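Input: a single structure, listed below in structure tokens.
When a ligand or atom number is given, it counts from 1 through the structure's own listing order. The residues of the chain are indexed from 1 along the displayed sequence. All values reported here derive from a predicted model rather than from experimental measurement. In what follows, every heavy atom counts, from backbone to side chain, and hydrogens, waters and symmetry copies are set aside.
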Amino acid sequence: MLRKIFGGSKKQPIDIDDIDKEKLPRHVAVIMDGNGRWAKGQGLLRTAGHAAGVKTLKRILRLADDIGIEALTVYAFSTENWKRPKEEVDFLLSLFSEYLAKELAEMHEKKVRIKFIGDRTGFSEKLQNEMANAEELMKNNGGILFTIAANYGGRDEILRAAKLLAKDTDANIDSLTEADFEKYLDTFGAPPVDLVIRTSGEMRLSNFLLWQAAYAEFWYTNTPWPDFSEREFIEAIKEFAARNRRFGGV
Ligand code: IPE
Ligand code: IPE
Ligand code: MG
């Protein structure tokens with residue numbers, strides 16, 4: 001498919017057809033960071049940065065789908081983000097509801113399959129219902145798997161998985177494999193994470209997909225999430241294609 005897009009400030013078309021489809025990451029995970037600093041730089045409140053970040057997310061989801069990436073996972077709210085001022089937390093939670101209300105129909109039409117990972121019991125019943133309804137609506141869609149990590153922490157996920165396993169009377173502990181254990185993780189069924197992208201210059205995982213990213217390639221940019229462009233996403237995909245993944249071999 002020939003699709004020219006305009007990326008970044010350069011306003012030059014980028015051709016997505018020269019991306020080697022054989023070397024595409026199956027699963028891209030994004031730590032959408034830098035909303036607050038972006039807002040500060042614009043003389044705005046941090047919350048305005050989160051609102052701007054939603055727009056970037058829409059663009060990147062559309063692009064990932066067009067390129068033919070199987071799964072996109074985005075870090076929207078960590079188990080540590082409750083430490084932020086109440087007004088900011090409340091704003092982020094209301095943004096989830098608003099996003100679902102506004103974007104669901106279009107995503108469904110594009111055959112997106114939405115999924116939430118993280119401990120959703122931390123959210124209001126209303127938001128939990130909105131999440132469950134969105135998942136239910138799109139569960140049979142065959143398009144991109146779009147996972148939103150909300151109240152997500154890698155350690156929390158592994159601990160919850162361990163608890164599920166401990167309660168599973170059918171589990172044979174002695175012969176349990178890594179593949180068996182993955183069945184208890186929130187991400188069960190998703191392809192392995194190939195590429196982790198982090199924006200705004202930070203070079204840490206911040207408790208994101210600790211198990212799943214064990215052998216992912218890492219790519220980062222100094223650009224804050226609201227300014228993250230299609231051009232940069234493609235740059236990351238192309239750089240991934242050129243990497244030599246050894247998985248411990250030679
Ligand atoms: C990422 O942007 C969004 C969330 C964590 C929800 P930040 O809010 O962390 O922005 P900075 O890192 O403070 O600039
Ligand atoms: C990670 O970003 C969480 C999300 C992007 C949702 P943070 O901004 O919360 O991470 P730290 O505090 O810089 O590690
Ligand atoms: Mg941050």
Side-chain angles (χ1 to χ4, degrees), residues 27-61 64 71-100 102-103 114-124 127-128 130-131 146-160 185-187 190 193 195-214 216-229 232-233 236:
H27 188 166
V28 179
V30 185
I31 303 174
M32 309 182 289
D33 198 14
N35 293 348
R37 279 164 283 170
W38 175 87
K40 199 175 169 210
Q42 309 273 321
L44 302 169
L45 293 174
R46 290 180 57 83
T47 47
H50 298 313
V54 171
K55 293 189 180 147
T56 307
L57 178 57
K58 284 191 229 172
R59 287 191 279 110
I60 297 302
L61 172 63
L72 177 74
T73 297
V74 296
Y75 207 3
F77 192 86
S78 77
T79 46
E80 287 71 36
N81 286 147
W82 297 105
K83 292 177 194 161
R84 296 185 178 205
K86 189 179 182 298
E87 305 81 69
E88 183 173 344
V89 170
D90 288 347
F91 184 88
L92 283 164
L93 301 185
S94 66
L95 210 54
F96 289 155
S97 292
E98 197 186 307
Y99 178 73
L100 287 176
K102 280 194 187 154
E103 300 302 318
I114 206 167
K115 192 186 163 174
F116 291 91
I117 57 170
D119 181 6
R120 61 181 86 179
T121 63
F123 296 132
S124 69
L127 183 53
Q128 288 186 50
E130 287 162 357
M131 290 171 160
F146 175 44
T147 303
I148 301 178
N151 194 20
Y152 177 87
R155 287 183 173 177
D156 178 68
E157 180 195 28
I158 293 167
L159 185 61
R160 283 187 289 104
L185 293 172
D186 296 348
T187 49
V193 176
L195 174 63
V196 175
I197 293 174
R198 184 163 188 155
T199 58
S200 91
E202 249 42 90
M203 284 179 236
R204 52 178 169 262
L205 276 177
S206 300
N207 207 3
F208 191 41
L209 301 174
L210 296 183
W211 174 286
Q212 298 85 347
E217 293 294 319
F218 195 79
W219 191 92
Y220 84 97
T221 172
N222 288 326
T223 309
W225 178 248
D227 285 339
F228 185 68
S229 66
E232 276 189 296
F233 187 78

Next item on the list: Give, for atom CG of Asp90 and atom CG of Leu95, the distance between the pair rounded to the nearest 0.5 Å.
Entry: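 So the gap between those two atoms works out to 12.0 Å.
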
Check: Rounded to the nearest 0.5 Å, what separation is found between the CD atom of Glu98 and the CZ atom of Phe91?
Finding: 7.0 Å

Item checked: the Mg ion (ligand 3) to nearest N/O/S of Asp33 less than 2.8 Å -> yes

Suppose we measure from [atom] to each protein heavy atom; which comes out shortest, and what is that distance?
{"atom": "atom 14 (O) of ligand 2", "result": "Ser206 OG, 2.6 Å"}
{"atom": "atom 2 (O) of ligand 2", "result": "Arg198 NH2, 3.6 Å"}
{"atom": "atom 9 (O) of ligand 2", "result": "Asn81 ND2, 2.9 Å"}

Do the side chains of [Y] and [X] get nearer than 4.5 Å, heavy atoms only?
{"X": "Thr199", "Y": "Thr56", "result": "no"}
{"X": "Phe77", "Y": "Ile148", "result": "no"}
{"X": "Val74", "Y": "Trp225", "result": "no"}
{"X": "Ile117", "Y": "Thr73", "result": "yes"}
{"X": "Val28", "Y": "Phe233", "result": "yes"}
{"X": "Val196", "Y": "Tyr75", "result": "no"}
{"X": "Arg160", "Y": "Asp186", "result": "yes"}

Checklist line | Under 4.0 Å to a heavy atom of Arg204 - the qualifying atoms of ligand 2, by number | finding: 11 (P), 13 (O), 14 (O)

Checklist line | Numbered atoms and elements of ligand 2 in range of Phe77, under 4.0 angstrom, heavy atoms | finding: 6 (C)

Next item on the list: Say whether Gly36, considering both its backbone and side-chain N or O atoms, lies within less than 3.5 Å of an N or O atom on ligand 1.
Entry: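 N/O-N/O distance under 3.5 Å: yes.
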
Item checked: Nitrogen or oxygen atoms of Arg46 and ligand 1 under 3.5 Å apart -> yes

Margin query: Tell me whether Ser200 reaches ligand 1 (any heavy atom closer than 4.0 angstrom to a ligand atom).
Written below: no

Note to self: Below a 4.0 angstrom heavy-atom separation, can you tell me which part of Arg37, side chain or backbone, both or neither, approaches ligand 2?
What the structure shows: neither

Margin query: Heavy atoms only: which of Arg84, Met32, Glu202 lies closest to atom 5 (C) of ligand 1?
Written below: Arg84

Margin query: Heavy atoms only: which of Trp225, Tyr75, Tyr152 lies closest to atom 6 (C) of ligand 2?
Written below: Tyr75

Notebook entry, point to check: Any N/O of Asp33 closer than 3.5 Å to an N/O of ligand 2?
Noted result: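 So ligand 2 has an N or O lying under 3.5 Å from an N or O of Asp33.
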
Next item on the list: Go through the side-chain N and O atoms of Glu202 and Tyr220 and say whether any donor and acceptor fall under 3.5 Å apart.
Entry: no

Next item on the list: Indicate, as side chain, backbone, both or neither, the part of Ala76 found under 4.0 angstrom from ligand 1 when only non-hydrogen atoms are considered.
Entry: backbone

Margin query: Protein heavy atoms near atom 12 (O) of ligand 2, is at least one of them under 4.0 angstrom away?
Written below: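 No.
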
